[in-house]
Engineer: 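Take this structure, written in structure tokens, and hold onto it; I'll ask about it next.
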Protein chains: 2
Amino acid sequence: MSDSVKAIGIKPAGIKDVAREAGVSVATVSRVLSNGPVSDALRARVEDAVRATGYRPNLSARRLRSQHSLTIGLIVSDIRNPFFTAVSRAVEDAAFQAGMRVILCNTDENPEREAMYLRLMQEERVTGLIFAPTRATLAQLDRADLDFPVVLIDRSAPAGRFDSVVLDNPQAAALLVDHLHAQGYRRIAGLFGNTSTTAVERHAGYQAALAAHGLHAEARFVPPTAEAAEAEIARWLAEARRSGAMPDAVMVSNSLLLMGVVKATRTLGLAIPGDLAVAGFDNEPWTELVGPGLTVIEQPVHEIGRAAMTLLFERLDDPERATRKVVLSGTCVARGSTGGVG
Amino acid sequence: MSDSVKAIGIKPAGIKDVAREAGVSVATVSRVLSNGPVSDALRARVEDAVRATGYRPNLSARRLRSQHSLTIGLIVSDIRNPFFTAVSRAVEDAAFQAGMRVILCNTDENPEREAMYLRLMQEERVTGLIFAPTRATLAQLDRADLDFPVVLIDRSAPAGRFDSVVLDNPQAAALLVDHLHAQGYRRIAGLFGNTSTTAVERHAGYQAALAAHGLHAEARFVPPTAEAAEAEIARWLAEARRSGAMPDAVMVSNSLLLMGVVKATRTLGLAIPGDLAVAGFDNEPWTELVGPGLTVIEQPVHEIGRAAMTLLFERLDDPERATRKVVLSGTCVARGSTGGVG
DNA sequence: ATGAAAGCGCTAACAT
DNA sequence: ATGTTAGCGCTTTCAT
């Protein structure tokens with residue numbers, strides 16, 4: 001047995017050490033590692049040597065030399081959001097199957113962090129990027145001249161300069177409004193986040209659906225936090241009560257805001273759905289457990305991730321082809337929070 | 001203006017291009033990039049050239065040459081668990097301040113994935129690793145001879161071969177049991193995950209606290225999923241009802257299981273806390289919103305992340321020093337789910 | 001303060 | 001099928 005076995009904590013074995021141990025050239029070792037053409041005899045010797053030396057390839061060296069990182073970037077706006085964890089899982093699975101790694105980054109909807117991570121992606125020479133940008137970054141993204149293809153998720157490009165995969169947000173919002181209408185609600189308020197294009201589209205769908213029912217839309221936009229939503233809803237309902245124009249239902253554009261709204265109903269002592277019906281987005285596990293269960297739009301999260309990877313690979317195959325936008329439909333999961341006017 | 005500006009989509013500019021553009025040697029460019037000793041005049045020229053060429057350093061090349069990755073690994077068992085997202089945030093912040101990157105990986109408590117990611121960490125030549133291993137992997141971790149220091153979080157090493165930072169699990173479990181006892185509960189069941197050492201410690205604290213109160217412990221272990229918990233609790237309560245030995249409270253060792261238990265009470269039509277009091281771990285946002293609010297142990301998540309990074313840096317400073325174990329206390333957040341015997 | 005040149009660990013031509 | 005060798009893009013001696 002070689003003494004390199006004992007070289008612990010000194011320095012990791014390199015391909016040269018393996019070659020020496022096996023009595024072959026480094027090229028042969030490299031070929032074994034990449035399943036190149038090597039005789040069975042030598043292959044076995046090399047594999048033994050790899051084990052004996054505890055050899056692990058140096059990815060930096062490999063990437064530098066081979067000029068491809070086999071890495072794709074994934075920049076999401078909120079890793080705590082189960083939507084993004086599910087998507088990232090799908091992306092990682094697909095990447096792994098293709099022999100690629102994923103660099104996962106979380107921006108918290110902060111444009112500075114987005115800029116920093118975009119820079120990182122360049123420096124890591126990623127093969128491609130899947131990105132859920134804020135509106136602010138999205139507006140500048142064309143001018144960013146990145147050296148790799150980008151697929152947008154959750155938020156879509158207006159111009160069509162990028163491939164993207166999104167939920168049919170207007171339709172989904174309409175689904176919610178139609179459901180509320182069918183349940184007998186007529187004064188349907190809307191609360192939306194103010195940083196993402198998603199909220200803009202959901203607001204559009206909300207407005208259109210209300211108009212179709214001949215109802216009046218009353219929407220407000222808040223920063224995408226539970227606290228902001230809670231405060232705004234409390235203020236709003238207080239005003240509404242004074243003016244005698246209380247809504248009987250509220251639809252909310254994402255799950256963080258939804259949480260804030262539920263909190264507000266608690267502190268205000270409002271019953272769901274008796275005093276106020278509630279509907280939102282994202283079928284997170286806890287929505288089933290809160291109050292009578294919360295009515296939500298369920299997104300095809302895994303498909304969104306898979307579709308993004310598919311678009312990315314197709315783009316890598318053919319950089320010249322026209323950009324595509326994959327639009328997937330959500331489904332309405334009706335629960336007690338929209339139980340009907342009572 | 002150089003023509004390299006127009007080289008879009010061809011190939012990213014290298015340090016050589018910058019040097020040519022600025023009319024200096026590559027060494028000078030490198031010095032500017034690393035804030036080395038360079039005259040103001042040349043520095044300015046180089047900085048202009050960097051902008052003109054859109055130069056971004058190639059991290060693979062930099063890491064290969066400099067022989068340090070400036071990267072630390074973070075392997076967690078469940079990225080959806082807000083405990084780990086909070087910890088990872090703290091780790092990332094600390095790393096960023098130290099000019100380092102973080103590679104975040106998610107194992108879903110799967111030993112195969114753990115092994116794969118450990119291999120990855122070696123191949124990426126990470127400077128250090130923060131790791132929340134399953135029991136299975138933990139048992140083999142000493143034999144893994146890794147080329148970097150490891151700090152364990154959430155799960156602690158029995159032997160003390162690794163630095164670690166953990167919650168005082170026995171104490172936290174006792175806190176819950178004491179609270180339940182003070183609220184008048186006497187038949188306190190316990191449901192624990194079967195993959196982590198955390199659950200083992202929490203079980204120990206649960207048992208000791210019950211013994212101290214002269215009460216009988218009745219615990220079960222299940223896979224760490226909501227589904228498993230829901231099924232097991234349903235089965236358990238059915239048996240208990242038949243034998244006339246219904247528990248009046250149940251404590252649960254993590255938030256995933258907690259969700260399963262809440263679900264089970266819904267399908268079984270049990271009132272919380274009237275028919276069954278419930279207490280668990282991790283003060284996740286939704287625990288406040290479910291039923292009368294769920295009583296939970298709150299962990300000092302940010303401090304855990306920071307402490308892990310501190311341990312790691314200290315270890316890198318002095319590889320020879322004795323291993324340490326930082327034990328942090330949790331606090332009991334009492335809510336309606338343990339409102340008292342009716 | 002600046003430049004020339006060696007070489008990090010690996011892959012891919014090219015040669016045999 | 002196997003070995004030899006030239007770099008990948010950068011940092012870091014070593015000269016100047």
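Here is how names work: the chains are called A, B, and so on, in the same order as the sequence lines, proteins then strands, and each is numbered from 1. Quick caveat, the model's predicted, so the values are computed rather than measured.
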Engineer: Output the rounded distance in Å from CD (Glu124(A)) to P (dG9(D)).
Structural biologist: 16 Å
Engineer: To the nearest Å, how far apart are Leu33(A) CG and dG9(C) P?
Structural biologist: 15 Å
Engineer: Is there a side-chain contact between Lys11(B) and the phosphate of dG9(D), meaning an N or O under 4.0 Å from OP1 or OP2?
Structural biologist: yes
Engineer: Is any side-chain nitrogen or oxygen of Ser60(B) closer than 4.0 Å to OP1 or OP2 of dC10(D)?
Structural biologist: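 For Ser60(B), the contact criterion (side-chain N or O under 4.0 Å from OP1 or OP2 of dC10(D)) is not met.
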Engineer: Using atom OH of Tyr55(A) as one end and atom C1' of dT11(C) as the other, report the distance to the nearest whole Å.
Structural biologist: 10 Å
Engineer: Looking only at the side chains, is there a donor atom on one of Thr195(A) and Glu109(A) sitting less than 3.5 Å from an acceptor on the other?
Structural biologist: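 There is such a pair between these side chains.
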Engineer: Taking the side chain of Ser66(A) as heavy atoms from C-beta outward, which of dA12(C), dA1(C), dC10(D) is closest to it?
Structural biologist: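 Shortest atom-to-atom distance from the side chain points to dA12(C).
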Engineer: Step by step, work out the side-chain contact (heavy atoms from CB on, under 4.5 Å) result for Thr107(A) and Ile75(A).
Structural biologist: CA-CA 7 Å; Thr107(A) 65; Ile75(A) 305 183; 3.4 Å; yes
Engineer: Within this structure, what is the CD-to-P distance between Glu123(A) and dG9(D), rounded to whole angstrom?
Structural biologist: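 In whole Å, dG9(D) P and Glu123(A) CD are 15 Å from each other.
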Engineer: On the side chain of Arg63(B), is there an atom forming a donor-acceptor pair with the base of dG9(D) - under 3.5 Å, no angle test?
Structural biologist: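 Donor-acceptor pair under 3.5 Å: no.
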Engineer: Using heavy-atom distances to pick each residue's nearest nucleotide on DNA chain C, tell me which of Asp40(B) and Arg125(B) is more 5'.
Structural biologist: Asp40(B)
Engineer: Nearest-Å distance, CG (Asp17(B)) to P (dG9(D))?
Structural biologist: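 Between P of dG9(D) and CG of Asp17(B): 9 Å.
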Engineer: Going by atom types alone, do Thr137(A) and Glu114(A) pair a side-chain donor with an acceptor below 3.5 Å?
Structural biologist: yes
Engineer: Side chain of Ala61(B): nearest nucleotide among dA4(C), dT2(D), dG9(D)?
Structural biologist: dG9(D)
Engineer: What nucleotide among dG9(C), dC14(C), dT2(C) has an atom nearest to a side-chain atom of Asn58(A)?
Structural biologist: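 Looking only at side-chain atoms, Asn58(A) lies closest to dG9(C).
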Engineer: Between atom NE2 in His68(A) and atom C1' in dC10(C), what is the gap in whole Å?
Structural biologist: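 Checked: the NE2 to C1' distance equals 12 Å.
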Engineer: Taking for each residue the nucleotide of DNA chain D with the nearest heavy atom, is it Arg43(A) or Val26(A) whose nucleotide lies nearer the 5' end?
Structural biologist: Arg43(A)
Engineer: Report yes if a side-chain nitrogen or oxygen of Ser30(B) is closer than 4.0 Å to either non-bridging phosphate oxygen (OP1 or OP2) of dT11(D); otherwise report no.
Structural biologist: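 Result: yes.
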Engineer: Nearest to the side chain of Ser39(B) - dA1(C), dT2(D), dG9(C)?
Structural biologist: dA1(C)
Engineer: Does a sphere of radius 6.0 Å around CZ in Arg306(B) hold more than 12 heavy atoms from other residues, nucleotides or ligands, not counting ones at 6.0 Å or beyond?
Structural biologist: no
Engineer: OP1, OP2 of dT12(D) versus side-chain N and O of Gln67(B): anything below 4.0 Å?
Structural biologist: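 No, no such contact exists.
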Engineer: In terms of side-chain heavy atoms of Arg62(B), which of dT11(D), dT12(D), dG9(C) is nearest?
Structural biologist: dT11(D)
Engineer: Taking CG from Leu59(A) and P from dC8(C), how many angstroms apart are they, rounded to a whole number?
Structural biologist: 19 Å
Engineer: For dA1(C), does either OP1 or OP2 sit under 4.0 Å from a side-chain N or O belonging to Thr28(B)?
Structural biologist: no
Engineer: Once hydrogens and angles are ignored, does a donor-acceptor distance under 3.5 Å link the base of dG7(C) to the side chain of Arg65(B)?
Structural biologist: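 Indeed, a donor on one side and an acceptor on the other fall under 3.5 Å apart.
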Engineer: Judged by modelled atom types alone, do Arg155(A) and Thr134(A) share a side-chain donor-acceptor pair under 3.5 Å?
Structural biologist: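 No - no donor-acceptor pair under 3.5 Å links their side chains.
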Engineer: Between Arg51(B) and Asp48(B), is the closest basic N to carboxylate O distance under 4.0 Å?
Structural biologist: yes
Engineer: In whole Å, I'd like the distance from the CD1 atom of Ile15(B) to the P atom of dT12(D).
Structural biologist: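 To the nearest whole Å, that distance equals 11 Å.
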Engineer: Taking only the side-chain heavy atoms of Val38(A) (C-beta and beyond), determine which of dT2(D), dG9(C), dT12(D) contains the nearest atom.
Structural biologist: dT2(D)
